[in-house]
Amino acid sequence: MNGRKHLLEPLAQCRSLLQRFKAARSLTNTKLLHARIVVTGLLPTSGSSAAAKVLSNLALAYALCGHAPHAAALFDGLPERSPPLCNALIRMYNLCGRHREALRVFVGMLGPGRCPPDNFTYTFVCKACGELSLLDVGFAVHGKVFAAGFDSDAFVQNALLALYMNCGQMAAARKVFDEMQERTVVSWNTMISGYFKNSYAGEAVMIFKLMMNTGVEPDSATVVSVLPACGNLKELDLGKYVHTIVEEKGLGNKNIAVSNALLDMYAKCGRMDEAEAVIREMDKRDVVTWSAMINGYVLNGDVRKALDNCLLMQFDGVKPNPVTISSLLSACGSSFLLKLGRCLHGWSVRQKLESDLLIETALIDMYAKCKRVDVSFHVLARALQKRTAPWNAILSGCVHNGLAKEAIQAFKHMLIEEVEPNLATVNSLLPAYAILADVQQAMNIHGYVARSGWVINVEIITGLIDVYTKCGHLESAHRLFNDIPRNEKDIVVWSVIIAGYGMHGHGEAAVLLFKEMVHSGVHPNEVTFTSVLHACSHAGLVEEGLDLFNFMLDNNPVTPHFDHYTCIVDLLGRAGRLQEAYDLIKAMPFKPNHAVWGALLGACVIHENVELGEIAAKWLFELEPENTGNYVLLAKIYSALGRWKDAEDIRHMMKKIGLRKAPAHSLV
DNA sequence: GTAGGGTTAG
């Protein structure tokens with residue numbers, strides 16, 4: 001009996017020590033104590049409840065320290081488990097990303113006579129389901145929350161919001177949110193970031209505005225949630241307003257994420273001057289700061305400045321990461337900086353980052369944009385994992401280079417390799433079928449897309465419509481178009497169908513659709529105007545075209561472009577109204593380009609107008625001296641009018657500048 | 001011990 005008392009004392013001591021270690025989350029001390037307990041050899045034989053408590057606390061201490069192997073081993077050996085211990089274990093698994101194991105612990109808590117989950121448990125479990133996007137499990141968990149009566153717990157509600165947002169269930173999240181009696185700042189923040197993550201930036205901004213109107217105090221998480229949405233929507237004014245909140249509350253001083261979000265917002269709104277002002281005020285910068293800065297300059301087309309910032313970053317003692325590199329690679333692609341792209345590729349290899357998903361994808365994209373799809377395929381071939389993004393990059397790379405057959409081949413290869421296609425895959429692939437313009441193949445891919453259940457997506461339907469119009473199958477295109485609900489018809493799909501009709505000479509239909517679009521409340525943009533004007537010029541609808549052109553000039557947000565002037569010059573020119581076309585060119589708000597003069601010259605050929613033809617040709621010879629077509633066209637006018645001598649002179653002129661590509665007979 | 005947050009992206 002005396003002996004037992006002695007045994008218990010060290011255990012009691014252990015317990016009090018464990019309390020301290022748990023609080024301090026000290027793994028070293030926990031391990032030392034564990035060793036001491038093992039060495040004494042008392043625990044396995046004692047079997048007392050005190051011993052069980054020590055073991056349980058030891059498991060808890062390991063769980064709190066994040067040491068999964070020991071926590072799990074001890075946990076498995078326990079005859080009884082308490083909710084706090086289970087919770088700690090679930091939390092631990094969540095923290096190290098092992099959400100499935102977290103759920104397994106939760107399942108072990110269920111069942112009669114087991115360990116009933118409490119409100120804490122549910123917050124962790126929601127987190128695990130959300131991270132895994134397990135909607136069905138999430139629903140079941142929500143049911144259990146109801147049954148256990150935790151549905152009015154503010155923490156659990158917030159966790160449910162996050163769960164639904166992570167599963168893309170905005171409506172379900174909204175329902176929980178609307179029914180909450182007590183919304184904390186976390187609830188609002190979860191809604192804002194949730195909407196944005198599900199690409200509903202507009203809704204995110206709306207919730208933020210509602211939050212401000214409700215008088216809820218925003219915190220740093222609020223601003224970092226709403227700022228990306230401001231940047232995405234280019235809502236500079238709202239972004240600036242958020243900036244004033246940050247200044248008033250001093251949120252930027254203690255939190256680098258806030259300044260980074262501000263900087264990024266300005267960069268996305270094209271205000272690098274403001275972004276520079278933000279970075280100047282920061283007393284510490286991290287890799288996110290510099291990446292946002294570099295990416296900002298890349299987005300705004302200033303590669304020079306992006307590279308300068310890359311240097312500044314290194315002077316600042318910050319090392320680039322895959323995000324930084326992928327921004328720079330994207331700049332290389334859009335500016336055809338193959339040499340620099342290769343250097344970055346080399347750097348990635350040396351840093352052992354070449355198989356990083358971002359870098360791998362960016363490399364494939366960069367080489368393709370630099371017209372080296374062969375190297376893109378090389379990069380892809382070295383990739384081992386079955387990841388979708390690099391394959392998508394190769395598909396769009398092929399399409400970008402007009403390699404439609406190769407894109408389709410690559411897609412088939414992708415399916416054979418069991419790489420999971422996603423929406424972006426289909427979006428990248430469809431233009432290949434538009435290039436091929438083969439109805440049979442179009443119907444095949446349409447069938448595939450339909451079977452895969454992707455025809456609910458407007459973007460995909462738009463792609464299919466484009467394919468059918470390019471194949472000349474306007475009925476199929478229109479059928480797809482009609483099936484889109486009225487409020488989901490966006491500017492892109494309208495532009496595509498209008499262009500489709502225009503392309504095949506159905507000018508009236510195109511104009512009608514255009515009017516229908518405006519009537520439905522969708523505002524035309526530069527692209528839509530190009531499509532409809534093009535349709536008019538192809539179908540010879542002079543008055544309609546001019547009306548629309550004037551409508552566009554009155555339509556403030558749309559600024560006329562070269563394309564629009566080219567269409568109108570073409571339109572007037574074909575109709576024989578050459579002087580008007582020339583007058584329009586002279587009245588253009590910017591220097592006419594080769595396309596505009598080309599349209600006039602083309603019209604002059606049709607109507608055999610030498611005076612204006614010579615003027616147009618003179619400009620064209622200056623703008624694109626290498627283009628043999630222009631010489632040929634002018635010579636054609638001379639020949640048509642029997643001015644053989646002048647035609648001959650043009651031929652000499654071509655010879656003199658070394659242009660031999662045009663066959664001699666085309667000059668007469 | 002609970003929930004929300006910054007740079008990329010086909």
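In what follows, chains are A, B, ... by sequence order, proteins preceding strands, each numbered from 1.
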Review point. So A:His345 and A:Tyr367, side chain to side chain donor-acceptor pair (under 3.5 Å) or not? Walk me through it.
Key: CA-CA 10 Å; A:His345 189 173; A:Tyr367 282 120; 2.7 Å; yes

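- Side-chain proximity of A:Asn158 to the nucleotides B:dT8, B:dA3, B:dG10 is greatest for B:dA3.
- Comparing B:dG5, B:dT7, B:dA3 by their nearest atom to the side chain of A:Ala292 picks out B:dT7.
- In terms of the side chain to side chain contact (heavy atoms under 4.5 Å, CB included) criterion, residue partners of A:Ala331 (sequence neighbours excluded) are, by chain and number, A:Val298, A:Val303.
- For A:Ser330, the side-chain atoms get nearest to B:dA9 when compared with the rest of B:dT7, B:dA9, B:dA3.
- A:Thr190 comes within 4.0 angstrom of sugar-phosphate atoms only, judged by non-hydrogen atoms across all strands, and of no base.
- Where stacking is scored as ring centres under 5.5 Å apart with planes under 30°, A:Phe120 registers as stacked on the base of B:dG1.
- Evaluation of the side chain to side chain contact (heavy atoms under 4.5 Å, CB included) rule for A:Leu74 yields A:His34, A:Leu55, A:Leu58, A:Ala59, A:Tyr62 as partners, not counting sequence neighbours.
- Proximity of A:Lys254 to the phosphate of B:dG5: no side-chain N or O atom is located under 4.0 Å from OP1 or OP2.
- For the segment residues 204-221 of chain A, the set of residues with a heavy atom within less than 4.0 Å of an atom of DNA chain B comprises A:Asp219, A:Ser220, A:Ala221, in numerical order.
- Counting only distance, with no hydrogens or angles, the side chain of A:Glu420 and the backbone of A:Thr388 share no donor-acceptor pair below 3.5 Å.
- Whole-Å rounding puts the A:Leu163 CG to B:dT2 P distance at 19 Å.
- Side-chain proximity of A:Ala159 to B:dT7, B:dA3, B:dG5: nearest is B:dA3.
- Among B:dG5, B:dG10, B:dA3, the nucleotide with an atom closest to any side-chain atom of A:Asn255 is B:dG5.
- Residues of residues 274-286 of chain A that place a heavy atom closer than 4.0 Å to DNA chain B, in numerical order, are A:Asp286.
- For A:Asp219, the side chain to side chain contact (heavy atoms under 4.5 Å, CB included) partners are A:Val185, A:Asn189, A:Ala221, A:Thr222, not counting sequence neighbours.
- Identified under the side-chain hydrogen bond (donor to acceptor under 3.5 Å, both in side chains) test for residues 423-435 of chain A, with sequence neighbours left out: A:Asn392-A:Thr425, A:Asn422-A:Thr425, A:Asn427-A:Glu459.
- Per the geometry, CE belonging to A:Met414 stands 14 Å off P belonging to B:dG10, to the nearest Å.
- Nearest to the side chain of A:Ala389, among B:dT8, B:dT7, B:dG10, sits B:dG10.
- Ring orientation note: the planes of A:Tyr122 and A:Phe150 are tilted relative to one another, at an angle of 30° to 60°.
- By the side chain to side chain contact (heavy atoms under 4.5 Å, CB included) test, A:Val449 pairs with A:Val426, A:Ile445, A:Trp454, A:Val455, A:Ile460, A:Leu464, sequence neighbours left out.
- For residues 161-171 of chain A, the pairs satisfying side-chain hydrogen bond (donor to acceptor under 3.5 Å, both in side chains) are A:His142-A:Tyr164, with sequence neighbours left out.
- Nucleic acid contact for A:Asn427: none, since no nucleic acid atom lies under 4.0 Å from a heavy atom of the residue.
- Side-chain atoms of A:Leu358 lie closest to B:dA9 of the nucleotides B:dG10, B:dT7, B:dA9.
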**Study point:** CA sep, side-chain torsions, deciding dist, call: A:Ser187, A:Asn158, side chain to side chain donor-acceptor pair (under 3.5 Å)
**Key:** CA-CA 5 Å; A:Ser187 326; A:Asn158 286 338; 2.7 Å; yes

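- Of the residues in residues 84-97 of chain A, those lying under 4.0 Å from DNA chain B by heavy-atom distance are A:Pro84, A:Asn87.
- What separates CG of A:Leu64 from C1' of B:dT2 is a distance of 13 Å, to the nearest Å.
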Report, one line per pair, each donor and acceptor closer than 3.5 Å where one atom sits in a side chain of residues 195-205 of chain A; sequence neighbours left out.
from: A:Tyr195; atom 1: OH; to: A:Arg174; atom 2: NH1; distance (Å): 3.4
from: A:Asn198; atom 1: ND2; to: A:Met165; atom 2: O; distance (Å): 3.0
from: A:Asn198; atom 1: ND2; to: A:Gly194; atom 2: O; distance (Å): 2.8

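- As rounded to whole Å, 17 Å separates atom P of B:dG5 from atom CG of A:Asn232.
- Annotation: salt bridge (Lys or Arg N to Asp or Glu O under 4.0 Å) contacts involving residues 310-322 of chain A, sequence neighbours excluded, comprise A:Arg285-A:Asp316.
- At the heavy-atom level, A:Ile256 lies under 4.0 Å from base atoms of the strands shown.
- Among the nucleotides B:dA3, B:dT7, B:dG10, the one closest to any side-chain atom of A:Ser428 is B:dG10.
- For B:dT8, one of the phosphate oxygens OP1 or OP2 lies less than 4.0 angstrom from a side-chain nitrogen or oxygen of A:Asn295.
- With sequence neighbours excluded, the residues that form a salt bridge (Lys or Arg N to Asp or Glu O under 4.0 Å) with A:Glu418 are A:Lys386.
- Taking the side chain of A:Phe124 as heavy atoms from C-beta on, and the options B:dT7, B:dT2, B:dG10, the nearest nucleotide is B:dT2.
- Here the C1' atom of nucleotide B:dA3 and the CG atom of A:Asn166 are 11 Å apart, to the nearest Å.
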